[in-house]
2 protein chains.
Amino acid sequence: MFSIGDLSRRTGVKVPTIRYYEQMGLIAAAGRTEGNQRRYDRDGLERLSFIRHARDLGLSIEAIRELAELSAHPEEPCADAHRIAREHRAEIHARIERLRRLEAELGRIEQMCDADRVGECRIIEALADHGLCSGEH
Amino acid sequence: MFSIGDLSRRTGVKVPTIRYYEQMGLIAAAGRTEGNQRRYDRDGLERLSFIRHARDLGLSIEAIRELAELSAHPEEPCADAHRIAREHRAEIHARIERLRRLEAELGRIEQMCDADRVGECRIIEALADHGLCSGEH
DNA sequence: CCTAATCTCTCTAGCGGCTATAGGTTCAAG
DNA sequence: CTTGAACCTATAGCCGCTAGAGAGATTAGG
């Protein structure tokens, strides 16, 4: 049996965050000692590791809740799990594309200025004027 | 003179967001009509466009505040503006790298499963077990 | 000039995903 | 049995908005 602190050290999820997940219904309410402290077993540990990993991959609490509910019904089709993964990957891809454009744009803006007084600084000017941008963002 | 709604339409910044920026001290408190409604001039419009554009580029409110203060002192050196742009670009770059790893990882996870029942679905399994991951994330 | 429709005002609360603090209780090592 | 670390609940705060209520201002048409 692990205390919440043990669980935290083993999973890397901070103690208040574990309590938060419980409150959000992501993990079942843990058993308690006589003195009202939470105690976890191996199942609780695995469940939290799953959540931790999915969060690291950027999945939202909602998506994780869906996946967790799926895994409680092993005889159901798993098309939904595929869909969630696919959708999330598409979203990540879109974010990468967007960030790439921003990076390019900022790089361009940085290079525009070789003055050393704010008055002639083209960085601030370029930030002020979207019209100077090369592409969309 | 523009009403807050005019300003909103011209800049694409929503009305409550404009009021929020004012409250945060990003834009100066606008002049008011006798009936207490905000009225803006061309300066206000430009200032808000600047903020909008910088936000689009992903700069934080804090960074924008810094840049805005810089641009109020045209005779000062503009090294700070360069620093802000550079730091922000580095951060974007780091985010891209991280997202790229996530994308690869998710792609790998997706391909692991060709079952159609949750019980054998390796997507959920792979999410549960960080040890199955190829790299860092 | 009056009315009706559309803005606009302030204030407050909510979003996601935590994080921090306060003030109290329980556990485990010595 | 004592101490000190870990735990408990409850509440508030973070960012960057967004939404809603309820009241007042402005403007176009008749």
Side-chain angles (χ1 to χ4, degrees), chain A residues 1-27 29-41 44-45 47-48 50-68 84 87-88 91-92 95 98 102, chain B residues 1-27 29-41 44-45 47-48 50-68 88 91-92 95 98 102:
Chain A
M1 295 296 251
F2 315 115
S3 73
I4 198 170
D6 295 336
L7 204 62
S8 171
R9 273 182 295 279
R10 278 160 194 266
T11 58
V13 178
K14 291 189 185 161
V15 167
T17 306
I18 298 174
R19 290 197 276 247
Y20 169 76
Y21 287 161
E22 180 183 313
Q23 207 185 315
M24 293 299 101
L26 266 195
I27 54 182
R32 302 283 182 129
T33 64
E34 284 207 0
N36 198 34
Q37 299 196 355
R38 290 169 181 83
R39 285 299 114 100
Y40 299 88
D41 53 14
L45 178 63
R47 176 87 184 228
L48 190 57
F50 162 71
I51 293 169
R52 168 74 208 261
H53 191 196
R55 284 294 301 142
D56 275 356
L57 288 167
L59 287 145
S60 72
I61 298 283
E62 253 321 289
I64 294 172
R65 203 198 308 276
E66 268 190 85
L67 286 170
I84 291 171
E87 282 175 4
H88 186 59
E91 208 190 294
I92 287 177
R95 251 150 69 192
R98 190 177 141 77
L102 292 190
Chain B
M1 295 296 252
F2 315 115
S3 73
I4 197 168
D6 295 335
L7 204 62
S8 171
R9 274 181 295 278
R10 278 160 194 265
T11 58
V13 178
K14 291 187 184 161
V15 169
T17 305
I18 298 174
R19 290 196 276 248
Y20 169 76
Y21 287 162
E22 180 182 313
Q23 207 185 313
M24 294 298 101
L26 266 194
I27 53 182
R32 303 283 183 129
T33 64
E34 285 206 0
N36 198 34
Q37 300 196 352
R38 289 169 181 82
R39 286 298 114 101
Y40 298 88
D41 53 14
L45 179 64
R47 175 88 184 227
L48 190 56
F50 162 71
I51 292 169
R52 168 75 209 259
H53 190 198
R55 285 294 301 145
D56 276 355
L57 287 167
L59 286 145
S60 70
I61 299 282
E62 253 321 289
I64 294 172
R65 202 200 309 274
E66 268 190 84
L67 285 170
H88 186 58
E91 208 191 294
I92 287 178
R95 253 150 69 192
R98 190 177 140 77
L102 292 189

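Small disclaimer: the values here were computed from a predicted structure and weren't measured. Chain naming here is simple, since letters A, B, ... match the order of the sequence lines and numbering starts at 1 in each.
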Participant: Can you give the first and last nucleotides of DNA chain D, 5' to 3', that have an atom under 4.0 Å from a heavy atom of chain B?
Facilitator: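 Boundary nucleotides touching chain B, in 5' to 3' order, are D:dG16 to D:dT26.
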Participant: Between C:dT19 and A:Thr17, is there an OP1 or OP2 to side-chain N/O distance shorter than 4.0 Å?
Facilitator: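 For A:Thr17, the contact criterion (side-chain N or O under 4.0 Å from OP1 or OP2 of C:dT19) is met.
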Participant: Can you build the contact string for nucleotides 5-12 of chain C? Use B for base contact, S for sugar-phosphate-only contact, and - for no protein heavy atom under 4.0 Å.
Facilitator: ---SSB--
Participant: I want to check something: taking the side chain as every heavy atom from C-beta on, are A:Ser3 and A:Gln37 in contact at a cut-off of under 4.5 Å?
Facilitator: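 No - every pair of side-chain heavy atoms lies 4.5 Å or more apart.
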Participant: 5'-most contact on DNA chain D: B:Thr33 or B:Lys14, nearest heavy atom basis?
Facilitator: B:Lys14
Participant: What I'd like to find out is whether the side chain of B:Val13 reaches to under 4.5 Å of the side chain of B:Ser8, using heavy atoms alone.
Facilitator: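 No, too far: nothing below the 4.5 Å cut-off.
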Participant: Over the length of the helix from C:dC1-D:dG30 to C:dG30-D:dC1, how much do the five-pair end axes diverge, rounded to 10 degrees?
Facilitator: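 Roughly 0° between the end axes, to the nearest 10°.
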Participant: Less than 4.5 Å apart, side chain to side chain, heavy atoms only: is that true for B:Tyr40 and B:Ile18?
Facilitator: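 Yes - at least one pair of side-chain heavy atoms lies under 4.5 Å apart.
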Participant: Which atom names give the shortest non-hydrogen contact between B:Ile51 and B:Leu26, and what distance separates them?
Facilitator: CD1-O, 3.9 Å
Participant: Go nucleotide by nucleotide along DNA chain C from the 5' end; which of A:Glu34 and A:Tyr21 gets its closest nucleotide reached first?
Facilitator: A:Tyr21
Participant: For the residue pair B:Arg55 and B:Ile61, establish whether any side-chain heavy-atom pair is separated by less than 4.5 Å.
Facilitator: yes
Participant: Which heavy atom of A:Phe50 sits nearest a heavy atom of A:Leu67, and at what distance?
Facilitator: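 Shortest heavy-atom separation between A:Phe50 and A:Leu67 comes out as CZ-CB, 3.9 Å.
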Participant: When you compare the side chain of A:Leu59 with that of A:Ile84, does any pair of heavy atoms fall below 4.5 Å?
Facilitator: yes
Participant: A:Met24 CE to C:dT19 P: how many Å, rounded?
Facilitator: 14 Å
Participant: So which atom in A:Ala30 and which in A:Arg39 form the shortest heavy-atom distance, rounded to 0.1 Å?
Facilitator: CB-O, 3.8 Å
Participant: Applying salt bridge (charged side-chain N to carboxylate O under 4.0 Å, His left out), which residue pairs with at least one partner in residues 1-18 of chain A are found, sequence neighbours left out?
Facilitator: A:Asp6-A:Arg9
Participant: Nearest whole angstrom, please: distance from the C1' of C:dA13 to the OH of B:Tyr20.
Facilitator: 15 Å
Participant: Look for any protein N or O under 3.5 Å of an N or O in nucleotides 22-24 of chain C and output each such pair with its distance, or none.
Facilitator:
none

Participant: Salt-bridged, A:Glu22 to A:Arg19, with N to O below 4.0 Å?
Facilitator: no
Participant: Rounded to whole Å, please give me the gap between CD in A:Glu22 and C1' in C:dT19.
Facilitator: 17 Å
Participant: Minimum heavy-atom separation for A:Asp56 to B:Leu102, with atom names?
Facilitator: O-CD2, 3.5 Å
Participant: If the condition is side chain to side chain donor-acceptor pair (under 3.5 Å), which residues does A:Arg47 pass it with, not counting sequence neighbours?
Facilitator: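 Side chain to side chain donor-acceptor pair (under 3.5 Å) list for A:Arg47, sorted by chain: empty.
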